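Quick caveat, the model's predicted, so the values are computed rather than measured.
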2 protein chains.
Amino acid sequence: MPVPKGSTIDPERTRAAILEAATPVLYERGLDGVGVAELCASIGVSKETLYRHFGTKDGLVEAMLTARSERVTRWLAEASAEAGDDPRDQLAAVFDALREWYEDPVFRGCAMLNAAAQHHVEAVRAITARHLDRYLDLLTGIAERAGATDPPLLGRQLLMLVEGATAVAAHHGTAGTGEQARQAALTLLSAAARPSASSRRGSGV
Amino acid sequence: MPVPKGSTIDPERTRAAILEAATPVLYERGLDGVGVAELCASIGVSKETLYRHFGTKDGLVEAMLTARSERVTRWLAEASAEAGDDPRDQLAAVFDALREWYEDPVFRGCAMLNAAAQHHVEAVRAITARHLDRYLDLLTGIAERAGATDPPLLGRQLLMLVEGATAVAAHHGTAGTGEQARQAALTLLSAAARPSASSRRGSGV
DNA sequence: CTGAGATCGTACCGATCGGTTCGATCTCTG
DNA sequence: CAGAGATCGAACCGATCGGTACGATCTCAG
């Protein structure tokens, strides 16, 4: 039924299957680390089919990154939502989820940052920027609900912590990274919600 | 005088000149974003000369990354040392230096993380790991002098903040990033040196 | 001055890459 | 059953890549 008109073999499903199968390969091997021919072979599809659905390797890459960004963001948002009403618990849940991810054997860092570092194409950089926007929205929301004096500031600081922890876990070792980042995040949250002592000094911003 | 034996035209100087000229090109365009031919043309050297000095493109990349890591680490260490004896000022100076870097028009993020994301070669990953080790040493030293209750923990948290701020500045916008990261770093330092309230909660590590 | 070695410029090589084409096969609609 | 469209597999194309070879030129030690 959802099949448009005079088509067969359900192209929509084929497209989705390509996307799903190509994602881990491109993530683990790198966007330019695997050729289209090998990619097609490893996911069991012909080059003609891939090119009819995505037009270009860049087209596939962009579709894959967009889908992955949405999926990952939804995953983190759900982890946060399931933690209850306390923003502190929500933030902890985000970093618990990240810790789980870091310990996955196929973990290779943030796919969006990796892609932007590899592929010098404007469209990819835009997808990465949007991805960070999504993260920022999630974290700023937590900061607001926690009563931070400057939620956008705290949101951005937490964003740095998330991406920094991901980079450190990927390139400097997983051991303890998730827990260390979690502690730092909660410390920042406490200090921002209760700016009693310290913090301000030197320059005034 | 430092020229070894029966050589001419000072090969050592040629090698250093290649390294210096190739560094910004490889950083701005990406390791795989510029071919050897174009690279040689842009730095004014023949392919034969480049290959005699570095053997391989990977050899050049590894030599370049190693030199850059040492140079950048030395730069940050000097900025920290020039800030005086107060570890708090030393940490602030590190982030002030980073903010300067972020505002440079050619800033493209951390060259080591970019390289590790692009080039799936073990040697490059090892150089990146060593680079993070150098950063960690610097930051852990500050944490120790600040009297943190757990300097290795604070050092690693600050490392995440440094790399996270660099990634966010590169891919989500420079505006304010350096200052925001600086504030977060000082907050973490204050909380770690004076673990009076908050921080500990939930899991025990 | 002579000769060893560094450098240049260019041509060249094999491999790989992204992308196209085409005939054969398959699946579903009418 | 007949035909439209999806898919396959393999051949093919031009471009580019990393790396090599070679003769010409240059610089310096002896």
Winner on side-chain proximity to Val45(B), out of dC8(C), dG19(D), dG19(C), is dC8(C)
| task | Answer with base, sugar-phosphate or nothing: what part of the nucleic acid does Gly44(B) contact at a heavy-atom distance below 4.0 Å? | result | sugar-phosphate
- Message: Side-chain N or O of Arg52(A) versus OP1/OP2 of dA6(D): is the shortest distance under 4.0 Å?
- Response: no
query: Within the pair Ser46(B) and dT7(C), is there a side-chain N or O less than 4.0 Å away from OP1 or OP2?
result: no
To the nearest angstrom, the CZ-P distance between Arg13(A) and dT27(C) comes to 16 Å
Any side-chain N or O of Thr56(A) less than 4.0 Å from the OP1 or OP2 oxygen of dG18(C)? no
Does the base of dG19(C) carry an N or O that pairs as donor and acceptor with the side chain of Lys47(A) under 3.5 Å? yes
Taken to the nearest whole Å, CG/Leu39(A) to P/dG19(C) is 12 Å
Polar contact flag, side-chain donor to acceptor under 3.5 angstrom, Arg134(B)-Ser69(B): yes
request  = Could you check if a side-chain atom of Thr49(A) sits within less than 4.5 angstrom of a side-chain atom of Ile18(A), using non-hydrogen atoms only?
outcome  = yes
Here the distance between atom C1' of dT20(C) and atom NZ of Lys57(A), to the nearest Å, is 17 Å
Worksheet item: Cation over ring, Arg68(B) on Tyr27(B), under 6.0 Å and within 45°?
Response: yes
(request) Look at the side-chain N and O atoms of Thr14(B) and state whether any lies under 4.0 Å from the OP1 or OP2 oxygen of dT7(C). (result) yes
With a cut-off of less than 4.0 Å, is there a side-chain N or O of Thr49(A) near OP1 or OP2 of dA6(D)? no
In whole angstroms, the gap separating P of dT27(D) from CD of Glu12(B) amounts to 20 Å
- Message: Can you see whether Thr56(B) engages Tyr51(B) through a side-chain donor-acceptor pair at a distance of less than 3.5 angstrom?
- Response: no
Out of dC8(C), dG18(D), dG23(C), minimum distance to the side chain of Glu48(A) belongs to dG23(C)
Is His53(B) close enough to dA6(C) that one of its side-chain N or O atoms is under 4.0 Å from OP1 or OP2 there?
no
Atom CG of Asp32(A) and atom P of dC17(D) are separated, to the nearest Å, by 12 Å
Atom CG of Leu50(A) and atom P of dC17(C) are separated, to the nearest Å, by 15 Å
Are Glu62(A) and Phe54(A) side-chain neighbours, meaning at least one heavy-atom pair lies under 4.5 Å? no
In whole angstroms, the gap separating P of dA10(D) from OH of Tyr51(A) amounts to 18 Å
From CZ of Phe54(A) across to C1' of dG19(C) the rounded distance in Å is 16 Å
